[in-house]
Amino acid sequence: KIEQNPYDRLRGEFKKCENESTEYLTEEEMKALESLHPLAGTQMAVARDLFVFQMFTGLSYSDAQAFDIKDYKREQVADADGSSGERWVNIGKRIKTGVPYVSQLLPPVVEILERYGWQVPKMNNIKYNACLKVIQQALGFTSKLHSHLARHTFATWMLSNGVPLEHVSKMIGDSNIRQTQRYAKVRPQAVYDDFDRVAEKMIKQTPKKA
C-alpha cells in the first residue's frame, strides 16, 4: 500500500566504516601476550591460547570455534636453505558470510594445536571476553582485549610486514577490498618509516660543514 519506500530519503546519509576507528595490538603487545603463560588448564590459559590462535590466523571467533584440522592439507615444502619442511593450507568459507578465505597455519598456531591434540580450545564467547579483560589488565594494555581484536591485529600485522592489501583481504575473507582498507588506515608507523627514509636521505645529501 505504500507507494514509496520511506527509507529512500535516508539513502546516502550514512557511510558505513568511513570514519571507523580500528584498534589493534602493536608487535610489542603481541610479543607480550605470547610471552604470557597462565597456569595450564585454567580458563585464562585457554583464553590466551584461543586469542593467539585467532591473532595468527585472522579467523573470527565463530570460524575459530568451528576449526577442523581435517579441512587442511599437509604439504611438504623446501625451505630457502634447501632443507625440507611442511605447511598446513586450506581454502575455507566464513560461517557468517560464506566468503572464501585462504589460510595457512603459522608456527604459533601449530604449537597451540599440538598442545590441544590438534583441536581449537572451546570457550563460550562471554566467558572468553571476560577472561581477555583480565589478561588485558594484567598486561597493562590500553587497547581493550576482545575476540574481534585478534582479527584486526592479524590484518594490521600482515600489512605492516609488507603483505599486499589484496592478499590480506583473501586471508581474512573480507567480502570486498574496501573493508580491508580500513586496516591500512590505522598504520601510522608506516608513514613514520617513510619520513625516516626521506630524512636519512636528506642528511646524507647535506654537505658537511668544514
Side-chain angles (χ1 to χ4, degrees), residues 24-96 99-136 138-139 141 143 145-163 167-168 170-173:
Y24 61 97
L25 296 182
T26 65
E27 289 202 30
E28 290 74 16
E29 290 172 329
M30 291 172 69
K31 291 176 182 177
L33 186 56
E34 281 190 273
S35 300
L36 181 69
H37 295 289
L39 185 64
T42 62
Q43 289 184 331
M44 292 300 166
V46 173
R48 176 267 182 198
D49 290 342
L50 184 52
F51 190 90
V52 172
F53 178 89
Q54 287 187 263
M55 188 170 68
F56 286 109
T57 60
L59 294 178
S60 66
Y61 168 79
S62 57
D63 290 324
Q65 291 292 287
F67 174 89
D68 190 339
I69 192 61
K70 294 178 182 178
D71 295 331
Y72 283 72
K73 181 181 179 182
R74 190 177 186 178
E75 297 180 340
Q76 297 297 321
V77 294
D79 295 335
D81 58 1
S83 60
S84 61
E86 64 178 24
R87 65 183 180 187
W88 295 84
V89 294
N90 175 46
I91 299 178
K93 286 187 177 181
R94 294 193 61 199
I95 292 176
K96 183 178 179 180
V99 175
Y101 65 87
V102 179
S103 179
Q104 180 172 327
L105 305 182
L106 297 174
V109 177
V110 173
E111 180 184 339
I112 290 174
L113 290 174
E114 288 177 336
R115 191 157 62 247
Y116 288 89
W118 291 97
Q119 295 180 350
V120 171
K122 304 297 183 183
M123 177 172 276
N124 176 280
N125 196 27
I126 296 176
K127 175 61 69 175
Y128 178 31
N129 284 313
C131 289
L132 289 178
K133 184 177 181 180
V134 176
I135 292 174
Q136 170 201 333
L139 292 174
F141 287 173
S143 297
L145 278 188
H146 52 85
S147 58
H148 209 60
L149 183 68
R151 182 172 166 83
H152 294 326
T153 298
F154 172 83
T156 307
W157 176 66
M158 280 292 180
L159 288 169
S160 67
N161 278 279
V163 178
H167 293 185
V168 175
K170 291 292 184 182
M171 291 175 179
I172 62 178

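- The shortest distance between side-chain heavy atoms of Met44 and Ile135 falls below 4.5 Å.
- Taking each heavy atom of Asn124 and Tyr61 in turn, the nearest pair found is C-OH, 3.6 Å.
- Judged by distance alone, with hydrogens and angles left aside, the side-chain atoms of Tyr128 form a donor-acceptor pair with the main-chain N or O of Phe51 at under 3.5 Å.
- Within the 4.5 Å cutoff, the side chain of Trp118 has no heavy atoms near those of the Asp68 side chain.
- Residues that satisfy the side chain to side chain donor-acceptor pair (under 3.5 Å) test with Tyr101, not counting sequence neighbours, are absent from this structure.
- Within 6.0 Å of atom CD1 in Ile69, more than 12 heavy atoms from other residues, nucleotides or ligands are found, so the atom counts as buried in its surroundings.
- Side-chain atoms of Arg151 come within 3.5 Å of backbone atoms of Ile172 as a donor-acceptor pair (strictly under, hydrogens ignored).
- Remark: the backbone N or O of Leu25 is paired with a side-chain donor or acceptor of Thr153 at under 3.5 angstrom.
- Side-chain contact check for Arg115 versus Ile112: some heavy-atom pair is nearer than 4.5 Å.
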Report the C-alpha distance between Ser160 and Glu27 in whole Å, list the side-chain angles of each, state the deciding distance to 0.1 Å, and finish with yes or no for side chain to side chain contact (heavy atoms under 4.5 Å, CB included).
CA-CA 10 Å; Ser160 67; Glu27 289 202 30; 3.9 Å; yes
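- When all heavy atoms are compared, the tightest approach of Tyr116 to Asp49 is OH-OD2, 2.6 Å.
- Using modelled atom types, one side-chain atom of Arg48 and one backbone atom of Glu34 make a donor-acceptor pair closer than 3.5 Å.
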Apply the test side chain to side chain contact (heavy atoms under 4.5 Å, CB included) to residues Met30 and Phe56: give CA-CA distance (whole Å), side-chain angles for both, the deciding distance (0.1 Å), then the verdict.
CA-CA 10 Å; Met30 291 172 69; Phe56 286 109; 3.9 Å; yes
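- In this view, Met171 and Phe154, Met158, Val163 satisfy the side-chain contact (heavy atoms from CB on, under 4.5 Å) rule, not counting sequence neighbours.
- In terms of heavy-atom proximity, Ala32 sits nearest to Leu139 at O-CD2, 4.1 Å.
- Side-chain contact between Leu132 and Leu50: absent, with no pair of heavy atoms (C-beta onward) separated by less than 4.5 Å.
- Around NZ of Lys96, the count of heavy atoms belonging to other residues, nucleotides or ligands within 6.0 Å does not exceed 12.
- Ring geometry for Phe67 versus Phe53: interplanar angle over 60°, hence perpendicular rather than tilted (30 to 60°).
- The main-chain N or O of Pro121 is found under 3.5 Å from a side-chain atom of Gln65 such that the two form a donor-acceptor pair.
- Identified under the side chain to side chain donor-acceptor pair (under 3.5 Å) test for residues 102-112, with sequence neighbours left out: Tyr72-Ser103.
- Heavy atoms only, all atoms of each residue included: Ala47 and Cys131 are closest at CB-CB, 3.5 Å.
- Of all heavy-atom pairs spanning Asn129 and His146, the tightest one is OD1-CA, 3.3 Å.
- For the pair Gln54 and Ser147, the tightest heavy-atom approach, listed with the atom from each and the gap, is NE2-O, 3.3 Å.
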